[in-house]
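Letters go in sequence order (proteins before strands), and every chain restarts at 1.
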There are 2 protein chains.
Amino acid sequence: MDSRSALPAGKDVRNHLSEAGIYPTSQRQALAGILFNRHQHLTADQVYERARREGIKVSRATVYNTLNLFVDKGLLREIFVNASHTFYDSNVHPHFHFYNIDDGQLTDMEGRVADDLIMQNLPQGTVLDGVDVVVRVRNHS
Amino acid sequence: MDSRSALPAGKDVRNHLSEAGIYPTSQRQALAGILFNRHQHLTADQVYERARREGIKVSRATVYNTLNLFVDKGLLREIFVNASHTFYDSNVHPHFHFYNIDDGQLTDMEGRVADDLIMQNLPQGTVLDGVDVVVRVRNHS
DNA sequence: TGATATATTAGATTTAGTCCAATTCCATGA
DNA sequence: TCATGGAATTGGACTAAATCTAATATATCA
């Protein structure tokens with residue numbers, strides 16, 4: 001996991017939201033503070049639990065609303081690793097993920113699929129939205 | 001979608017199951033008949049509905065048990081495209097998927113990620129289980 | 001200030017998937 | 001042929017992620 005800030009240097013949370021066309025309410029700023037202070041992979045429930053632990057007054061519905069909004073606006077990326085866990089990744093730059101099916105760990109890996117290969121094969125009448133690469137791994141022996 | 005049989009020529013459903021170390025009960029044979037007669041992507045519920053429509057006596061629990069068993073034994077591949085849809089792919093050979101977020105369509109694409117790139121980056125103490133590439137697309141304009 | 005649009009909320013609802021305990025199936029051996 | 005026991009199947013209860021709803025709160029602007 002990359003521990004650098006997910007925010008470009010010198011850019012605060014409010015700016016980050018405003019520039020994405022998101023009205024910076026107090027809940028959104030607080031959740032953004034949790035999500036964007038470093039690259040990480042969190043589930044909706046983990047975000048909710050962290051928020052509560054930090055004393056932020058927010059409901060589960062708002063956590064989901066906000067996560068979906070951030071995804072729509074390109075600030076977060078959703079990663080589907082199995083039927084019961086959606087992760088939200090604050091690193092929206094192209095990269096792969098390792099998913100350990102034994103312990104649920106999700107880690108990053110440099111890499112991207114050749115654009116031209118994909119563009120040449122796009123189904124008729126569609127445009128590219130994103131590429132998700134999940135490499136499933138198991139603990140050895 | 002590839003419409004060729006997912007079964008090698010001259011190999012029937014019973015053999016396919018037995019060779020995978022799966023005891024070929026009547027429900028399993030019936031479900032295998034639905035799943036493996038051609039390459040396709042089905043959800044658990046679609047499998048259940050087709051089975052019922054064909055007059056196969058089977059419960060939802062058995063559909064889930066059987067799908068999970070087939071996945072464990074390498075006969076099916078799970079594809080997670082969003083939080084509420086798991087597809088089962090009867091093509092277990094390496095390939096990519098296009099997922100149309102507007103209409104839910106899932107289609108195949110030739111392609112694979114370079115093995116050496118992945119092997120060089122495997123997390124400590126893990127072994128490769130599989131690589132899932134999902135290219136999200138939207139309908140144009 | 002009042003009017004309006006947007007955001008938040010608790011709790012109900014939905015739904016994919018799993019769990020459970022009872023029943024059925026079936027290969028084997030006496 | 002029948003009895004035995006392990007495996008498979010079953011309906012229904014259950015779980016948990018995510019969405020929906022309608023009421024309330026908050027912010028903007030005329």
Compile the donor-acceptor pairs under 3.5 Å between side chains in residues 66-74 of chain A and protein atoms, sequence neighbours left out, one pair per line.
residue, atom, partner, partner atom, Å
T66(A), OG1, T62(A), O, 2.7
N68(A), ND2, Y64(A), O, 3.3

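Side-chain atoms of S90(B) come within 3.5 Å of backbone atoms of R38(B) as a donor-acceptor pair (strictly under, hydrogens ignored). In this structure a side-chain-to-backbone donor-acceptor pair under 3.5 Å is missing from R14(B) to P24(B). Remark: side-chain polar atoms of D102(A) are paired, donor with acceptor, to backbone N or O of N139(A) under 3.5 angstrom. Judged by distance alone, with hydrogens and angles left aside, the side-chain atoms of H41(B) form a donor-acceptor pair with the main-chain N or O of L106(B) at under 3.5 Å.
Taking a heavy-atom distance under 4.0 Å as the criterion, the stretch of DNA chain D touched by chain B extends 5' to 3' from dA8(D) to dA18(D). Here the range on DNA chain C touched by chain B, meaning any atom under 4.0 Å from one of its heavy atoms, is dA16(C) to dA27(C).
Here the straight-line distance linking atom CD of Q105(A) with atom OG1 of T126(B) works out to 11.5 Å at 0.5 Å rounding. In this structure, CZ in F36(A) is found 12.5 Å from CG in D12(A), a value given to the nearest 0.5 Å. In this structure, CZ in R136(B) is found 7.0 Å from CZ in R77(A), a value given to the nearest 0.5 Å. Taken from CG in D45(B) to CZ in R50(B), the straight-line distance is 12.0 Å, to the nearest 0.5 Å. Distance check: H97(B) NE2 to D132(B) CG gives 8.5 Å after rounding to the nearest 0.5 Å. Between the CG atom in N65(B) and the CZ atom in R60(B) there is a gap of 13.5 Å [rounded to 0.5 Å].
If you check every strand for non-hydrogen atoms under 4.0 Å, R28(A) touches sugar and phosphate atoms only.
Listed by residue number, the members of residues 62-72 of chain A with any heavy atom below 4.0 angstrom from DNA chain D are Y64(A), N68(A). Residues from residues 80-89 of chain A placing a heavy atom under 4.0 Å of any atom in DNA chain D, listed by number, are S84(A), T86(A).
Inter-residue side-chain proximity for D89(A) and D108(A) is flagged as met; some heavy-atom pair is nearer than 4.5 Å. With contacts defined as side-chain heavy-atom distances shorter than 4.5 Å, the pair I56(B)/I34(B) qualifies.
Each of Y23(B) and S59(B) was assigned the nucleotide of DNA chain D with the nearest heavy atom; the assignment lying further toward the 5' end belongs to Y23(B).
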Carefully, step by step, assess V131(A) and V133(B) under the rule side-chain contact (heavy atoms from CB on, under 4.5 Å). CA-CA 7 Å; V131(A) 181; V133(B) 178; 4.3 Å; yes
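Between the side chains of Y99(A) and D129(B), no donor-acceptor pair of N or O atoms lies under 3.5 Å.
Using five terminal pairs a side, the axes of the helix from dT1(C)-dA30(D) to dA30(C)-dT1(D) at its two ends make an angle of 20°, given in steps of 10 degrees.
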